[in-house]
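Reading through the structure tokens given below for one structure.
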Amino acid sequence: MSIESIISKIEQNKEIYVEFLRKLIQSDSVNPPGNEKNVALIIEDFLKDVNIKTEIFPFGNNRANLIAYLNENFEVKNLLYNGHMDVVPPGSETDWKYPPFSALVKRNKIIYGRGSSDMKSGLAAMAIALKVLKELELDFTGNLILNAVADEETGGMFGTGWCVENPLKPIKFDFAVIGESTGLSPLPKAILVGEKGHLIIKIRTNGISGHSSMPAMSKNAIYMMSEIIENLEKIDGYIPKSEPPIKLEKLKKLLAVAFPTEDIFNRIFNEQPELESLLQSLVSYSKALTMIKGGIKENVIPDSCEAILDVRLLPGQQVEPIIEALKKLITNDIGYLVKDISTSPSEKVFVEIEIITASEGSYWENWEESEELNNFYELVEKIYEKKPLFFLLPASADAHFIRNDGYCPQTILFGPGKGRTAHAIDENIEILDFIRAIKVYAIFAYNFLSKK
Ligand SMILES: [Zn+2]
């Protein structure tokens, strides 16, 4: 009976929910600089008329995190819904079909705008689920905690990272959902049980500048960088082997669930090299040189050159061995002195290594044994009318803050929207997808928290 009342409540209020989501998309929370407090205030306002206890934790310049609670009871079972409020910059606004902050609704079906998919729709759906459960005055033995966070797009230290170390620290969570968009269109929805880590390293070569008419008297920093780049592949030999959390064959099986038969899957898999590269990215660490900068004038030998190395780590893979491997490569194979960013160099020719960001991957080891996760899966199948699939995120999100150190390993990513449109021009969300996600979040929380 209660589940029907949840569904009919959501159906009745669809328009209000769409307007709430549009308001979130229209409010500026482009990060950098952030301004997430704009979004937090709208959520607080939305929850306040049903007496949901909401706390806003401001920081920096107009930034904030928000926590809202279904009730005051933390003793039985606690469920965490986490979503980030910040969005990435829209890029060139004229490239968009519709202005990125207009939240324009097309044919009553699709909402366009920055953040519509990543992830204001997931965040809105979670806040709505909380409100629906409160409004219906259903009986709960456990608690649902909504955590709307800042800073996800720039590492999450001040958002989820801060929240789990501070206001959320005393709460013992039994299950957590991050509402990132997990649609793999044309494949069905994914439920993600692991994410890769992300390490960004700045490499700076320091040479000796001079007149370019007498290059032998100088040391060209661009040539130095070029030596490093040419030898970069050798770094793999210095990195200790890391096992992927899920092996290639198993990943293929998880993906095959989305296809009518395994034969059809195999045929499509063999025809689509993108699928193969996606799976490859989930079973190995990867590195890519993404930026390079050097030289100040046409006729000056450059004494400095900078490059950015973007490394994606497997869950469980540590940052330190990667840095050590890079140092070994530069010292042993190329023969340059490596200076730490903190030490002042006494020689003129050397290489500096600086970590720009480092977040380790994370993975829920025992996801296959979880009854709760199975319930979540079945609910998604029912609401979306299609079997979802379990999978891993090739990028990184905030899950490692919640999963790692044993805080709440049973954390998943699931949300409305398609991963592909996130961060892209003409980002959009289907209203049906958004409404279905509200139902999943509300009914899952109801089932999870009302069981004795
Ligand atoms: Zn996101």
Side-chain angles (χ1 to χ4, degrees), residues 2 5-6 9-10 13 16-17 19-21 23-24 27 29 36-59 62-86 119-120 122-152 158-179 398 401-402 407-408 411 437-438 440-452:
S2 303
S5 62
I6 291 171
K9 176 118 203 142
I10 294 168
N13 290 301
I16 297 171
Y17 301 153
E19 278 317 300
F20 172 56
L21 170 57
K23 241 175 153 176
L24 294 189
S27 72
S29 58
E36 295 93 337
K37 199 175 167 192
N38 295 338
V39 177
L41 291 171
I42 297 170
I43 297 174
E44 182 188 46
D45 192 55
F46 178 74
L47 298 177
K48 132 182 118 190
D49 51 320
V50 285
N51 271 326
I52 290 174
K53 183 185 162 197
T54 305
E55 292 178 295
I56 289 182
F57 301 90
F59 69 95
N62 197 35
R63 308 191 71 183
N65 293 297
L66 173 147
I67 302 178
Y69 311 86
L70 179 62
N71 56 53
E72 306 273 335
N73 173 17
F74 301 95
E75 301 303 313
V76 188
K77 246 179 160 187
N78 296 304
L79 173 62
L80 176 66
Y81 281 174
N82 168 291
H84 66 85
M85 299 183 280
D86 55 331
M119 56 158 282
K120 284 176 171 171
L123 178 64
M126 289 179 152
I128 293 163
L130 174 63
K131 187 171 183 171
V132 167
L133 297 181
K134 186 82 174 181
E135 276 174 318
L136 290 172
E137 294 179 337
L138 303 168
D139 234 3
F140 290 105
T141 52
N143 205 343
L144 171 62
I145 292 105
L146 171 73
N147 183 204
V149 298
D151 198 40
E152 195 274 343
F158 302 108
T160 303
W162 182 84
C163 289
V164 298
E165 283 299 322
N166 292 283
L168 295 179
K169 198 171 181 153
I171 305 174
K172 204 200 144 302
F173 284 103
D174 300 279
F175 200 93
V177 183
I178 299 181
D398 270 353
F401 291 114
I402 307 172
Y407 182 67
C408 179
T411 295
I438 300 172
V440 168
Y441 294 148
I443 297 169
F444 179 73
Y446 171 73
N447 288 334
F448 191 86
L449 300 171
S450 50
K451 275 181 207 151
K452 293 282 176 294

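Worth knowing before you read on, the calculation uses all heavy atoms, side chains too, and leaves out hydrogens, waters and symmetry mates. Since the model is a prediction, treat every value here as computed from it, not as a measurement.
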- Message: One pair to check against side-chain hydrogen bond (donor to acceptor under 3.5 Å, both in side chains): K37 and S29. What are the steps and the verdict?
- Response: CA-CA 8 Å; K37 199 175 167 192; S29 58; over 6 Å; no
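- Enclosure of atom CG in D49 by more than 12 non-hydrogen atoms of other residues, nucleotides or ligands within 6.0 angstrom is indicated.
- Atom CG of D174 sits about 7.0 Å away from atom SG of C408, to the nearest 0.5 Å.
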- Item | Verdict with reasoning, V164 to K169, per side chain to side chain contact (heavy atoms under 4.5 Å, CB included) | CA-CA 5 Å; V164 298; K169 198 171 181 153; over 6 Å; no
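- Across all non-hydrogen atoms, the minimal contact from N65 to A150 is OD1-N, 2.9 Å.
- N447 places a side-chain heavy atom less than 4.5 Å from the side chain of I443.
- Formation of a donor-acceptor pair under 3.5 Å by the Y81 side chain with backbone atoms of Y441 is found in this model.
- Between L146 and the choices T54, I52, L47, the side-chain contact (heavy atoms from CB on, under 4.5 Å) rule is met once, by L47.
- Nearest heavy-atom pair across I438 and A129 is O-CB, 4.2 Å.
- Distance check: N78 CG to L449 CG gives 8.0 Å after rounding to the nearest 0.5 Å.
- A distance below 6.0 Å separates the ring centres of F57 and W162.
- Within the 6.0 Å centre-distance limit, the rings of F175 and F444 are counted as a close aromatic pair.
- Annotation: side chain of I128 is in contact with side chain of F20 (closest heavy-atom distance under 4.5 Å).
- Distance check: F158 CZ to R63 CZ gives 7.5 Å after rounding to the nearest 0.5 Å.
- Of the listed residues (L144, I43, V177, N147), just one forms a side-chain contact (heavy atoms from CB on, under 4.5 Å) with M126, and that residue is V177.
- Considering every non-hydrogen atom in both K134 and L70, the closest pair reads NZ-O, 2.9 Å.
- Note that the CG atom of D45 and the CG atom of L41 stand 8.5 Å from one another [nearest 0.5 Å].
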- Begin from the C-alpha positions of N143 and N71 and carry the test side-chain hydrogen bond (donor to acceptor under 3.5 Å, both in side chains) through to its verdict. CA-CA 6 Å; N143 205 343; N71 56 53; 3.0 Å; yes
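- For the residue pair T160/N82, the side-chain donor-acceptor check at 3.5 Å is satisfied.
- Across every non-hydrogen atom of I42 and S27, the tightest pair is CD1-CB, 3.6 Å.
- Here the shortest heavy-atom pairing between K131 and F46 reads NZ-O, 2.7 Å.
- For the atom pair I67 CD1 and E55 CD, the distance stands at 6.5 Å (nearest 0.5 Å).
- In this structure, C163 and V149 have side chains that are in contact, with non-hydrogen atoms separated by less than 4.5 Å.
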- Query: Do L123 and M85 pass the side chain to side chain contact (heavy atoms under 4.5 Å, CB included) test, and can you show the C-alpha distance, the side-chain angles, and the key distance before you say yes or no?
  - Reply: CA-CA 7 Å; L123 178 64; M85 299 183 280; 3.6 Å; yes
- Message: Under the criterion side chain to side chain contact (heavy atoms under 4.5 Å, CB included), I'd like the reasoning laid out for F74 against I145: C-alpha separation, chi angles, the key distance, then a yes or no.
- Response: CA-CA 10 Å; F74 301 95; I145 292 105; 4.0 Å; yes
- Message: Would F173 and L168 count as a side chain to side chain contact (heavy atoms under 4.5 Å, CB included) here? Give the steps.
- Response: CA-CA 9 Å; F173 284 103; L168 295 179; 4.2 Å; yes
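- One finds the CG atom of L133 at 5.5 Å from the CD1 atom of I6 (value rounded to the nearest 0.5 Å).
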